[in-house]
Each structure stands twice: as structure tokens, then as C-alpha cells.
Amino acid sequence: MNHIINNQEEKKTPVNFIHQIIDEDIRNKKHNGTVHTRFPPEPNGYLHIGHAKSICLNFGTAQKYNGLCNLRFDDTNPAKEDVEYVDSIREDVHWLGFDWANREYYASDYFEQIYEYAVKLIAKGKAYVCDLTAEEISINRGTPTKAGIESPYRNRTIDENILLFQEMRAGKYKDGEKVLRAKIDMASPNMHMRDPVLYRIIHTDHHRTGNKWCIYPMYDFAHGQSDSIENITHSICTLEFEVHRPLYDWFVKELEIFAPQQIEFARLNLTYTIMSKRKLLQLVQEKLVKGWDDPRMPTICGLRRRGYTPESIRNFAEIIGVAKRDNMIDVALLEHCIREDLNKKAQRVMAVLNPLKVIIDNYPDNKTEDTDAINNPEDETMGKRKVPFGKEIFIEREDFMEDPPKNYYRLSVGKEVRLRYAFYIKCLSVVKNSQGEIVEVHCTYDPETKGGSSIDKRKVQGTIHWVSAKDAVDAEIRLYDRLFTKENPDEAEEGKDFKSYLNPDSLKVINGKLEPFLKTAMAGDKFQFERIGYFCADKDSTTNKLIFNRTLTLKDSWAKEEKKNK
RNA sequence: UGUCCGAUGGUGUAACUGGCAACACAUCUGAUUCUGGAUCAGAAGAGUCUAGGUUCGAAACCUAGUCGGACAACCA
């Protein structure tokens, strides 16, 4: 029985093309049916939602096929890399919910082995030391439509090459003076096969190997070999490496080592978001955001601070699928994923962000009482709490209107609404200041409606949230919105760049009134402020100052309605 | 005037590998509701880039074209 259900479920979930390839490999008993993947970040920046897609794919694939997934740092360029990034990457992958046990590897762990591979290539007459400058090499490489020309150093003897390469390693030469190149084909239609550089000289300390090396392998000469050393069966990467695959395979063949299979998929693009590490770094360095973990950033740490859950991000990665065509996914889908998750989990609470004072004229002057509020209507096990009620309360300014449109359910003079979990109140009058702004609303309450329902079952159209003025807790609320105003900020018009489309309203800081339950909120705690949105306590909070980040608003069909009428 | 890759509703992903396009998001109705949330029911929206071909039958296979992307760091 169980079996049948599982089968049906499997049919329902579409199998992406990578898993189809793996299924086929397993059928053919390739690698004895085992699957071993890796997630290979370069520690030169923080991970973002695009990496999350890759992480979920690599670790998820290993899980699905009962295989393993390594975490491997691709640290072959000491000039750009740093331990700060290593630490953040570790933290983010863990937070997303994946574990690599003791399989934390570094390409730099393999430098000695990779060096030996290079020597082997030289010995086979398949690599040579070249004295051309970077610029000369670039010119000689030709263009995609024009063949390159061979380096004058291409035909050095094997012995000479071995010696020179040893000397490079020994530090005899300055940065840029010599490189080791593969000897392949300067006329290849694939630019990457035109005698690519294998090793370059960089006299810079490496975050792990210190000053042990002054020559470092290039990506192409390190990545595939690292995969091979780790017995990676399926080396999953993004589309731009597709043209590198012939070179990847060439090294494996010439070196006669274990052959992983490189498979490429399309990277994630999100509307109203930039994903380039370089551009994200620019936002941080130019202080256009407050750091890598600014809640507006698409970084994992930014999303975490914004209030996203790992589950929601994993679910998102699952839903968007994996394919080879370029894509631009609507952020609304990401937002749907977090709403769906938080709706099930978030503690409900009442908070007033734009307070308007309401005085209940017929409520006894010094009385206070508790009302019972449900913590999460989606999850009974979360129980109830007490919310204090009194003569003076705050309600949301938007929940009162002097001349409301016909389908306005909320409070206005002469109308009755329900205060959530408390009483029905009816508005009598308003008090205005000299500018004509409403400063107070006077109401009467019906003592027979405690808890929020009346004995006579009379209907009220609206239910609004409130906070007892006397008991309210003040808090700073950071209202975040999308960082860019343009769907694709990378597609800049003439004379503009992505920064021209930064949303000036991506952060608004206000002060709100919260129900006292929130007093003890800890950084990272997530709540639904009823009728407003999802919020989470920020790490900037202190014992005497609470700070909340808005993760996102609730869906608001009234706002939609209002927009339509305009 | 190169090589490689791709093209299915607004967006993304499917289609048991040849049997007349499904799911999710978004959109719009309606029901329901002590959150204008959630939930439930429903609607609209593509005939699969184009042209040929193979076939009883093509989104799928073949050919040509069109459009889009990647590739000319001593970056990854």
C-alpha cells in the first residue's frame, strides 16, 4: 500500500534533467551506482540565494541518491580570498540545513598533487613554460572567429620546461614573469583550448598555505582535478562553464585520472534583485547597504536577518526547478514560500505601527482586564496568551476614516467594529488639532461582547487590532522593501547602471507600539503582527530597545482594492 | 564571421521519452472567516520560435533558419 502511494508521489514530482542523467548512470551501473557531489564555493564573498539553489541541488541530489556531498573551497587565488568568507560560507550552508560531516576540503589541500599533475603533463610534452606577458598571451590567443598564434616558447624541451617550472615554484621569478601553459591547439574554435594557462606566479600569502607556494593553479587546472581526487561522480556547475568542459575532460584524459562528469545548469535570476558577487560587494563597499547581512541583500545572511527560514529557502529551491534555459524568477515566488512557512509557524501578536489613540468613554477609568488571544490559529498546540485591555488604546491610523468609501469595513463615526479578541466598539466622535489632524477617537464599548462575540450574534464587518496604551511597549520597526525599483537592474539604460535603480524607500524606520508579550523577544524570533505582516527581532535589539525587521507584508486585498479605485 | 548551449501561458517547471499540453506562482471570480490573512471552489491565459521533413500521429526525432545566452582574466 505504502509502496503504491510512494510511486504515485514520485510520478507527480518532476525529475529534473540532472537527476535523469543520474538515473541513467545508475541503470548503467556507472560508478557502481553511487553518487558523490560537491558544493565548491570560492571564499571571496558571501553566499546568496543563487548559491542556495546550487547548495540545495548538490546536497539534495546526494541525499536523494543516498550519496555524499562535500564542501570544497575553491581557493586557488590568494589575492582575492579570505578566511572571513570561509567562516560565513560554513555558517550559511549549515544554517540552510546541510551537513558535510568531516568532508570539508580545500583545493589548496591538493596543491602538491596538482603540481605533480602539471609535471606529468610537461613530461608528456603537453605543457610548457611561457615567458610571454599576460597582454601578449591575450593578443596571441586570437578571437572567437580568428585562430590564435603559437607562442615562441611553445617548443621548449621537456627538460627545460621541467627545470623552469621547478624554478617557478622555487620563487626564482617575479609575478607575471612566466606561466605554465597546456599545449593543446591555438586554432581550436573553443578559446579555452588555445593553450590555456595552468599556473601563474603570485607572491602572496595564502589563507591556508601561507607562503609555502608562490605558484597557484588556475581554476581549470584545479577544479576538475579536485573533483577527481575526491571521486566526485557528478560535478554540477553553472552554464558558463559549459565551454570549459572539453578542457575539463582533456585534463582528466591526459592525466589518466578518475573521470567525474561535469553537468551544467542555469543559474538563478530573481526579479528586482542583483546576484553578481561583484555588484553585491560594491553595494557593501559603497555603503549603499549596511553590510553583507543587510536585510535587503539577497545574501543568505541577509535573508536570515530579514526573517527567512531555511525551510522556505529550500522549498523555493525545490519549486523553481533545474534546467538549462536562462530564467528570471518572480520574487513573488520567494515571498510566497516564506509566507507559506511563516503562516504555519509564526506566533501571532498585535502591534500598531502608526498609532491613533482611541478613548473608550464608557469604560471605567482605572480598570484593566486581560483578554485571551490565540497564538496561532493555524496551530492549536501553540496555545493562548493574555493581552491587557484598558480605557485607552492605540489602533492603526489606517483603520479609521472620516468619510470612508462604501466597502470600507473599518472604523468611522457611527460604525461598530470588533477589537480583535476584545470588545465591539462604536465610534462617537473625533478630536482634531489645529491642523485639522485627528488626534483622538472617542468610542463606546459593549461590555457584553468580551472576547469578541456578541450574544445577539449581530455582525460587525471589520475586526481591527489594537494595543493597550498604558501597557504598550515601544519598538523601532524597520520596514524593508525591495532594494531595486527595476525588474532587471542589470539591464541599465544608456548612462545608467544598476545603482541608478536603487529603491529610495527600501528602508523606512518607524516607532511602533507593541503588546507587552513582545518584551522578551530574542534576536531572530519571528512573529506575525496581525493584519500587517511578518516581523522578526533584529540582532541590534538591546534590553531597553527592541528592534524588529519587517520580513514582508501580509497579502493585502484591501490595498489592491484601493489601488483599483484610484 | 567561429564553437557550445537554449527556446512550452505573464513567470518558472513538467509532459510516463512519439499518442492532440499539466503543476506552481502571479491574475481574476465566488464562498467562508474574530487577521480584507489563511482556507475552499472556480475562471481566464500557451496549441509548444519559424519553415520544411519523417510518421497513422511530433512540444518531443531530422534539416535549415530566427531569436536569446555563454566563451577572447596570469578570476572562479
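Order of the sequence lines fixes the chain letters, A, B, ..., with proteins taken first and strands second; residue numbering starts at 1 for each chain.
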Only pairs with both distances under 3.5 Å count, Watson-Crick or wobble alike; so what is the partner of [N] in this structure?
{"N": "rA60(B)", "value": "none"}
{"N": "rC23(B)", "value": "rG12(B)"}
{"N": "rG68(B)", "value": "rC5(B)"}
{"N": "rG36(B)", "value": "none"}
{"N": "rU29(B)", "value": "rA41(B)"}

Would you kindly give the [atom1]-to-[atom2] distance between [X] and [N], to the nearest whole Å?
{"X": "E561(A)", "N": "rC28(B)", "atom1": "CD", "atom2": "P", "result": "10 Å"}
{"X": "F265(A)", "N": "rA70(B)", "atom1": "CZ", "atom2": "C1'", "result": "15 Å"}
{"X": "M328(A)", "N": "rG6(B)", "atom1": "CE", "atom2": "P", "result": "20 Å"}
{"X": "R420(A)", "N": "rU35(B)", "atom1": "CZ", "atom2": "P", "result": "5 Å"}
{"X": "E242(A)", "N": "rA70(B)", "atom1": "CD", "atom2": "P", "result": "12 Å"}
{"X": "N327(A)", "N": "rA26(B)", "atom1": "CG", "atom2": "P", "result": "18 Å"}

Between the protein and nucleotides 42-45 of chain B, which nitrogen or oxygen pairs come in under 3.5 angstrom?
none

Taking the ring of [Y] and the ring of [X], is the distance between their centroids below 6.0 Å?
{"X": "Y199(A)", "Y": "F165(A)", "value": "yes"}
{"X": "F535(A)", "Y": "F529(A)", "value": "yes"}
{"X": "F111(A)", "Y": "Y216(A)", "value": "yes"}

Mind checking if [X] touches a base, just sugar-phosphate, or nothing, with heavy atoms under 4.0 Å?
{"X": "Y408(A)", "answer": "base"}
{"X": "R410(A)", "answer": "base"}
{"X": "Y421(A)", "answer": "base"}
{"X": "E335(A)", "answer": "nothing"}
{"X": "V460(A)", "answer": "nothing"}
{"X": "R348(A)", "answer": "base"}

Phosphate contact ([N] OP1 or OP2) by [X] side-chain N/O below 4.0 Å:
{"X": "Q20(A)", "N": "rA15(B)", "result": "yes"}
{"X": "K560(A)", "N": "rU27(B)", "result": "yes"}
{"X": "K459(A)", "N": "rU33(B)", "result": "no"}
{"X": "K146(A)", "N": "rG2(B)", "result": "no"}
{"X": "R531(A)", "N": "rG36(B)", "result": "yes"}

Distance-only donor-acceptor check, side chains [X] and [Y], under 3.5 Å:
{"X": "E135(A)", "Y": "T133(A)", "answer": "no"}
{"X": "D195(A)", "Y": "Y128(A)", "answer": "yes"}
{"X": "E42(A)", "Y": "N44(A)", "answer": "yes"}
{"X": "Y248(A)", "Y": "D227(A)", "answer": "yes"}

Where does [N] fall, syn or anti, if syn means a chi angle no more than 90° from 0?
{"N": "rG68(B)", "value": "anti"}
{"N": "rU17(B)", "value": "syn"}
{"N": "rA73(B)", "value": "syn"}

**Q.** Candidates D82(A), D109(A), D75(A) - the one meeting salt bridge (Lys or Arg N to Asp or Glu O under 4.0 Å) with R208(A)
**A.**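 Checked D82(A), D109(A), D75(A) against R208(A); only one passes salt bridge (Lys or Arg N to Asp or Glu O under 4.0 Å): D109(A).
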
Q. For Y424(A), is the NZ or CZ atom of R418(A) found under 6.0 angstrom from the centre of its six-membered ring and inside 45 degrees of the ring axis?
A.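 No, cation not above the ring by the 6.0 Å, 45° rule.
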
Q: Report yes or no: is the cationic atom of R348(A) (NZ for Lys, CZ for Arg) under 6.0 Å from the centre of the six-membered ring of F527(A), at an angle within 45° of the ring normal?
A: no

Minimum-distance nucleotide (side-chain atoms of [X] versus [options]):
{"X": "N343(A)", "options": "rG36(B), rA38(B), rA14(B)", "result": "rA38(B)"}
{"X": "A332(A)", "options": "rU35(B), rC4(B), rA26(B)", "result": "rA26(B)"}
{"X": "I320(A)", "options": "rC5(B), rU35(B), rG12(B)", "result": "rG12(B)"}

Q: Determine, for K386(A) against D372(A), whether the closest basic-nitrogen to carboxylate-oxygen distance falls under 4.0 angstrom.
A: yes

Q. Ignoring hydrogens and angles, does a donor from either the side chain of E378(A) or the base of rU39(B) sit under 3.5 Å from an acceptor on the other?
A. no

Q. Going through the checks in order, is the side chain to side chain contact (heavy atoms under 4.5 Å, CB included) test met by Y117(A) and L198(A)?
A. CA-CA 11 Å; Y117(A) 287 150; L198(A) 267 32; over 6 Å; no

(Q) Please encode protein proximity along nucleotides 71-76 of chain B as a string of B, S and -, counting only heavy-atom distances under 4.0 Å. (A) SBSBSB

